[in-house]
Amino acid sequence: MPPKVSKDTTHGWLVVATCSAAFFLFTGNASCLGLVEVELSSLFKDSGSSLSAINALYNGLGWGLAPVVAALTKFFSCRLLSCCGSFLCFLGFFVASTSQSLLVIVFCTGVLPGIGFSLMVVSSNILLSEYFDKKRPLALIISVIGGGMGIVVFPHIFTTLNQTYGIHGTFLILSALNSHGIMFSILYDVSLANSKPNAMAILRQVYRTVFDPELLRSARYTGVCAAYLLLYVAYGIPFLFLPVKNAKTGLSKEVTSLLISVSGISNLASRFIMAGLASTSGQRRRFFLSVSFAMNAVSFLFFPLFSDILFLSVGAVLFGFSAGIFISITPPVLIDLFGVDKLSSTLGTNYLVIGTGYILGGPLMRHLSLAMSAIDPVFYTSAGCTVMGMLLIMTVSCDSRSLARILKMFKRHFAPVSIPPVLPHCTLLYGVGFLFQNQAFSEVKTIMVSLIHNLDDTKWVEVNSSDRGDGFVEFAINRTTTPLDAHTLKISVADNAGNFKNVVINNTRDNSNPLKNVNQADLKLDEEGNVVGIDVEGDCVITKG
């Protein structure tokens with residue numbers, strides 16, 4: 001067991017600052033990969049097909065190894081993992097600065113920093129939960145703010161260094177800059193390691209993180225993974241293809257750096273806004289997530305349709321602002337949808353899906369660009385992928401009871417026995433409907449029963465939400481429950497500030513749980529922590545008397 005530490009202290013906020021600095025280096029380097037590709041393509045006379053592997057490997061490994069790094073924290077201290085990661089980043093860029101081989105440079109700027117930053121970023125973020133309790137949601141959001149700052153600063157740093165020292169000199173300076181992660185790790189004075197290193201034990205831990213049986217049976221979880229996969233297949237495209245497009249249209253590298261920095265400024269602004277809204281309701285968080293997907297899809301259309309700097313800047317602002325929202329708000333939304341007890345599994349798998357999206361996105365879009373001898377189709381395809389991700393996230397991120405109503409609609413209108421011939425363009429919706437009808441209907445059919453059917457109606461009464469009275473507070477519901485007897489249930493809940501408490505529901509029907517398969521609900525509690533009112537998306541009950 002990790003040692004007990006004081007929560008919400010100044011030292012904890014210093015750890016948040018180091019996490020933010022790690023994200024600053026990680027996303028800052030990532031934002032320059034398109035500029036790196038242009039320089040290396042010119043230097044080695046390469047068409048770009050092999051250079052697209054740099055972005056795929058860097059981001060794919062950086063995000064995709066999250067479950068492995070999470071497992072390693074059970075066997076090694078986060079300080080050691082972060083130090084090793086920083087050294088790999090330093091080593092990669094240092095060797096690249098001395099090499100004249102394109103293959104070696106691709107390996108040293110893609111594989112080594114990708115593994116290194118995964119060790120730095122993931123281990124530091126996992127450690128944050130040990131330093132915070134009440135301020136945990138705010139700390140999680142602030143810890144990624146440095147990523148927006150990296151997108152603002154790094155393109156200008158890279159452009160200036162490249163003009164002064166060339167690409168090899170730039171790699172050498174970047175190697176020194178990335179070595180500062182070793183200094184960050186000094187503050188990590190808590191170790192989560194509780195076992196001796198063992199290869200099989202590490203593999204078992206990774207397997208439990210990625211293949212959680214309860215989550216794998218959930219169609220909602222599958223839908224969230226598919227939505228993020230589609231989103232991140234497209235997400236890295238502006239960083240990769242905007243420098244190439246601008247070079248072909250005659251815009252300078254300084255303009256490209258400016259556009260990336262503009263997206264970084266808006267990205268940073270949206271992360272600060274999300275930090276201010278950290279304690280907002282779960283329903284609003286899910287709404288913001290869906291809106292960010294839509295904004296991201298729209299932003300892709302500006303890049304092929306316009307060549308004027310003003311409109312390109314508008315596209316960059318939309319792209320950066322939307323990215324800041326969904327990057328910052330993803331962990332709290334995962335808690336809303338699947339419960340805080342599943343956060344390690346859902347967040348680890350989410351990072352794995354993000355890494356997979358990066359690995360697939362760059363090479364696939366590069367081949368599409370070469371096949372069509374044009375860059376514009378890449379942006380249109382990216383917009384299409386993001387729209388499909390938006391439709392999925394809008395469907396699966398709604399409340400359980402709203403999801404049940406959607407399933408009922410799909411079952412009625414999109415049954416597999418007949419597809420309306422007048423709707424051939426609804427193939428995607430039909431597929432989603434079929435998935436949920438056959439895989440998820442059995443999972444959520446029980447929640448279509450109203451709350452009162454699981455409660456003793458001599459003690460509880462059903463009312464309209466408008467008549468429920470004051471005193472209701474929104475809580476995230478933990479799936480872990482403890483029956484005290486056949487008619488009394490103890491449930492762990494968390495408010496929007498991340499404060500946990502145990503509440504008791506009295507006078508249920510025999511061994512019934514009115515909040516089964518519910519992740520978010522408004523509860524009214526008395527002074528002793530007994531639930532005297534429940535409201536789940538308008539299905540409202542209160543105790544009599």
Side-chain angles (χ1 to χ4, degrees), residues 21-48 50-55 57-59 62 85-117 120 146-184 236 238-248 250-265 362:
F23 265 106
F24 170 80
L25 295 174
F26 178 50
T27 59
N29 286 316
S31 68
C32 297
L33 293 180
L35 298 169
V36 171
E37 182 178 321
V38 171
E39 291 300 320
L40 293 179
S41 178
S42 174
L43 181 63
F44 291 96
K45 310 301 180 184
D46 187 272
S47 63
S50 59
L51 291 173
S52 62
I54 295 178
N55 176 72
L57 292 169
Y58 180 92
N59 286 297
S86 180
F87 177 75
L88 285 177
C89 295
F90 158 77
L91 181 65
F93 283 106
F94 180 79
V95 175
S97 70
T98 63
S99 177
Q100 299 298 322
S101 168
L102 179 59
L103 183 62
V104 172
I105 292 177
V106 169
F107 178 81
C108 289
T109 57
V111 175
L112 293 182
I115 298 173
F117 276 116
M120 288 174 59
M149 185 63 71
I151 300 174
V152 174
V153 174
F154 260 74
H156 293 290
I157 292 177
F158 178 86
T159 301
T160 301
L161 291 177
N162 185 57
Q163 291 175 344
T164 306
Y165 302 106
I167 190 65
H168 287 90
T170 301
F171 284 153
L172 181 61
I173 296 174
L174 289 178
S175 70
L177 185 61
N178 287 306
S179 68
H180 284 73
I182 296 175
M183 300 297 296
F184 302 158
F239 298 113
L240 283 178
F241 287 89
L242 198 56
V244 180
K245 177 179 171 59
N246 288 347
K248 290 185 176 181
L251 295 177
S252 65
K253 297 175 185 177
E254 288 76 10
V255 171
T256 301
S257 299
L258 177 63
L259 291 174
I260 297 176
S261 294
V262 166
S263 73
I265 293 171

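These figures come from a predicted structure and were not determined experimentally. Computed from heavy atoms alone, side chains included, the values below leave out hydrogens, waters and symmetry copies.
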Whether the side chain of [X] engages the backbone of [Y] through a donor-acceptor N/O pair (distance < 3.5 Å, no angle test) should be reported.
X: Thr98; Y: Val95; answer: yes
X: Ser31; Y: Gly28; answer: yes
X: Thr159; Y: His156; answer: no
X: Ser41; Y: Val38; answer: no

Looking at [atom1] of [X] and [atom2] of [Y], how far apart are the two atoms once the value is rounded to the nearest 0.5 Å?
X: Ile105; Y: Phe171; atom1: CD1; atom2: CZ; answer: 6.0 Å
X: Phe158; Y: Gln163; atom1: CZ; atom2: CD; answer: 10.5 Å
X: Ile115; Y: Leu88; atom1: CD1; atom2: CG; answer: 6.5 Å
X: Phe44; Y: Leu103; atom1: CZ; atom2: CG; answer: 10.5 Å
X: His180; Y: Leu25; atom1: NE2; atom2: CG; answer: 9.0 Å
X: Ile173; Y: Ser97; atom1: CD1; atom2: OG; answer: 10.0 Å

Could you please spell out the steps behind the side-chain contact (heavy atoms from CB on, under 4.5 Å) verdict for Asn29 and Phe117? CA-CA 10 Å; Asn29 286 316; Phe117 276 116; 3.4 Å; yes
Return the minimal non-hydrogen interatomic distance between Cys89 and Asn178, and the atom names on each side.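 Smallest heavy-atom distance, with atoms named: CB-CB, 3.9 Å.
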Between Thr170 and Gly166, what is the shortest heavy-atom contact and its length?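 Nearest pair, atom of Thr170 first, then Gly166: OG1-O, 2.8 Å.
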When you compare the side chain of [Y] with that of [X], does any pair of heavy atoms fall below 4.5 Å?
X: Leu259; Y: Leu242; answer: yes
X: Glu37; Y: Ile54; answer: no
X: Phe94; Y: Leu172; answer: yes

Residue pair Phe154, Leu174: steps toward the side-chain contact (heavy atoms from CB on, under 4.5 Å) verdict: CA-CA 10 Å; Phe154 260 74; Leu174 289 178; 3.9 Å; yes
For Phe26 and Tyr58, I'd like to know if the aromatic rings sit close, meaning centre-to-centre distance below 6.0 Å.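 That pair passes the under 6.0 Å test.
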Mind telling me whether Phe90 and Phe87 have parallel, tilted or perpendicular rings, with 30° and 60° as the class edges?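 The rings of Phe87 and Phe90 sit tilted, inter-plane angle from 30° to 60°.
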Stepwise side-chain contact (heavy atoms from CB on, under 4.5 Å) check, Leu43 with His168: CA-CA 11 Å; Leu43 181 63; His168 287 90; 3.9 Å; yes
May I have the step-by-step check of side-chain contact (heavy atoms from CB on, under 4.5 Å) for Leu33 and Phe239, ending in yes or no? CA-CA 7 Å; Leu33 293 180; Phe239 298 113; over 6 Å; no
